[in-house]
**Q** 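I'd like to ask some things about the structure below.
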Amino acid sequence: MYLTKKQYERPVIQRVNVGLMNKYGTRTEYEPVTHIDGNAVADLITAYGSPVFVLSEKTIRATFRDANRAFKTRYPKVQFAWSYKTNYISAVCNVFHQEGSWAEVVSGFEYQKAINNGVPGANIIFNGPDKSEAELIFAINNGSLIHIDHLDELYLIKEIEPQLQKRARVAIRVNMDTGVYPAWDRFGFNYEGGQAQDAINKIMLNTNMDLVGLHCHIGTFMLTPSAYAVAATKMSELALNVKKKFKKTLEYIDMGGGFASRNTLKGSYIQGADAAPSFDQYAEAISTAILNAGFTEADLPLLILETGRALIDEAGFLLGSVISNKRLADGRRATIMNFGVNILFTSFWYDHKITPAQPFGQHNESTVLYGPLCMNIDVIRENISLPPLKKNDQVVVHTVGAYNMTQWMQFIALRPAVVLIDMNQKPHVIRNKETPASIQKEEEMPAYLKEFKI
Amino acid sequence: MSIKKNIAISESGFIFDPSTGNSFTTNPIGLEILQLIKEGREQNEIKKHITAGYHVDDNTFEKDFYDFISTLQQLKLTVENEKKND
Ligand SMILES: Cc1ncc(COP(=O)(O)O)c(C=O)c1O
């Protein structure tokens, strides 16, 4: 017995602090990245301004194909639906649609965007708790898949029956305990508590609704593939129950999004690229669970995936420039960049990899990276090792393709251009730089406020 | 006392508190203790478990355990007697 005991060490826990040395030391971060898909960073900035978002079409397609392969080699029926909120610039959506993705939308605005992009109604999944009566009528008549989030929505669909030209094709959003916290239980109907089964019963008794699938989205940036195995098992059980109870075969199980991208969660010792499971790991967990759940071959549901960040994060770069260097009162170095949390929302969550865009010597130093906003929260990196940058030097922020181009704020400054580099390395502007006029055009000036004397 | 429900604990000892955005790291034994607390084990059970698995006497561990717990409280990773049924 004695020999099997382990060496004791005092238990310690510490906040991952500003200034704490990364376990990997000051590795590679300052390795300059001078080109993106054959285009010099300096040229892109000259042509489109600084800051500017750049997306690599090559990386988007390669990432999508990798994910698609991981699932299709393990499961017979797979369909991706592009999560619009992750990045809904239309050109980006259409790259995914060209790859075969449906559209997954969570608002009337996003729904309209999918329609404008040319997505057939039957290939649009309408998610989320906020669907107006008019939006529901439109989407149902357009043949879209309605993922019901709550009972009020279920009853609303019942009430609008007179205005519907067809039966609503619906699924319910299911939430559940997958052993990962926080559980996202504010969306959909709970599995363990029986609400999901109740909602299913209600739908099955309704003549104007056709229950065609089940939906869940268990969280975002999920680092544990096993949570998906738990979720897929529970979803399969529900589907099999519907079959048993109502003799009804459901067409699909939609497992939502949530796969981790290759970003580094703030303060993590493990670099994102090392921490994120591969598509193969997620695919293995989900496919195995559904294939082993007890469906007959004919009843195997279509597997829908609404993967967002893991499909686009790596394809996105933000190019920017140094405004100034400072020494803080406590002696730390600080560098002010011309982009802040206004356009790099995800710096609240990630320690983004940032590299200089011009060659440097060996010497590097720890610095705080600030944005240009006149606010304390405008911190891009609390501590980063970079070569001694000077005014106007250029940097590349990596892995920014997800959520920044939708959650960005028009605060203090205007939003920059977004450029897509195509498969032949040719850049295209896919969203223009905002101008004062683009903001002003939405404002109105009451006549009595037009004039003043100072 | 128990660990706040929404705290994410990875197998590598990385801890993330989504309500504050703070992250923490712990050593393997700290991780083991955190998981035992999260499972709802009482202090005595945890002591038994650890002293059975490691070269450590009761008193030493008890002292270290208290120190660890007070650090958890200080880092706001704990809640007092959370209701079991929510
Ligand atoms: C319903 C739904 N599907 C898909 C996604 C995309 O998630 P992710 O970017 O984490 O893959 C989200 C994002 O929160 C979501 O709420």
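Throughout, a chain's letter reflects where its sequence line sits, starting with A, and its residues are numbered from 1.
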**Q** Which answer fits B:Phe61, side chain, backbone, both or neither, if we ask what part of it has an atom under 4.5 Å from a heavy atom of chain A?
**A**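 When you check distances to chain A, atoms from both the backbone and side chain of B:Phe61 fall under 4.5 Å.
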**Q** For chain A, which candidate among B:Thr60, B:Asn27, B:Asp64 shows the most heavy-atom pairs at distances under 4.5 Å?
**A**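 Of B:Thr60, B:Asn27, B:Asp64, B:Asn27 has the most heavy-atom pairs under 4.5 Å with chain A.
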**Q** Counting only heavy atoms not in A:Trp349, do more than 12 fall under 6.0 Å of its CH2?
**A**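 Open.
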**Q** Give, for atom OG of B:Ser10 and atom CG of A:Leu265, the distance between the pair rounded to the nearest 0.5 Å.
**A**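 One finds 10.0 Å between OG of B:Ser10 and CG of A:Leu265.
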**Q** At a heavy-atom separation under 4.5 Å, does B:Thr51 approach chain A through its side chain, its backbone, both, or neither?
**A**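 When you check distances to chain A, only backbone atoms of B:Thr51 fall under 4.5 Å.
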**Q** Rounded to the nearest 0.5 Å, how far apart are CG of B:Leu75 and CD1 of A:Ile13?
**A**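 Taking CG in B:Leu75 and CD1 in A:Ile13, the distance rounds to 6.0 Å.
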**Q** So, taking the atom named NZ in A:Lys5 and the one named CD1 in B:Ile50, what distance separates them when rounded to the nearest 0.5 Å?
**A**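 CD1 of B:Ile50 is found 11.0 Å from NZ of A:Lys5.
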**Q** Non-hydrogen atoms of chain A under 4.5 Å away: do they reach the side chain of B:Lys38, the backbone, both or neither?
**A**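 Contact with chain A is through the side chain of B:Lys38 alone.
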**Q** What part of B:Leu77 gets closer than 4.5 Å to chain A, counting heavy atoms only: side chain, backbone, both or neither?
**A**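 The side chain, not the backbone.
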**Q** Can you tell me which portion of B:Ile15 sits under 4.5 Å from chain A's heavy atoms? Options are side chain, backbone, both or neither.
**A**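 Side chain only.
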**Q** What part of B:Glu32 gets within 4.5 angstrom of chain A, counting heavy atoms only: side chain, backbone, both, or neither?
**A**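 Answer is side chain: those atoms of B:Glu32 sit under 4.5 Å from chain A.
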**Q** Would you say B:Tyr66 has more than 12 foreign heavy atoms packed within less than 6.0 Å of its OH?
**A**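 No.
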**Q** Around A:Asp130, counting heavy atoms of other residues, nucleotides and ligands shown, do more than 12 lie under 6.0 Å from its CG?
**A**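 At most 12 heavy atoms, drawn from other residues, nucleotides or ligands, come within 6.0 Å of this atom.
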**Q** Between B:Thr26 and A:Pro11, is any pair of side-chain heavy atoms under 4.5 Å apart?
**A**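 Of all side-chain heavy-atom pairs linking A:Pro11 with B:Thr26, none is under 4.5 Å.
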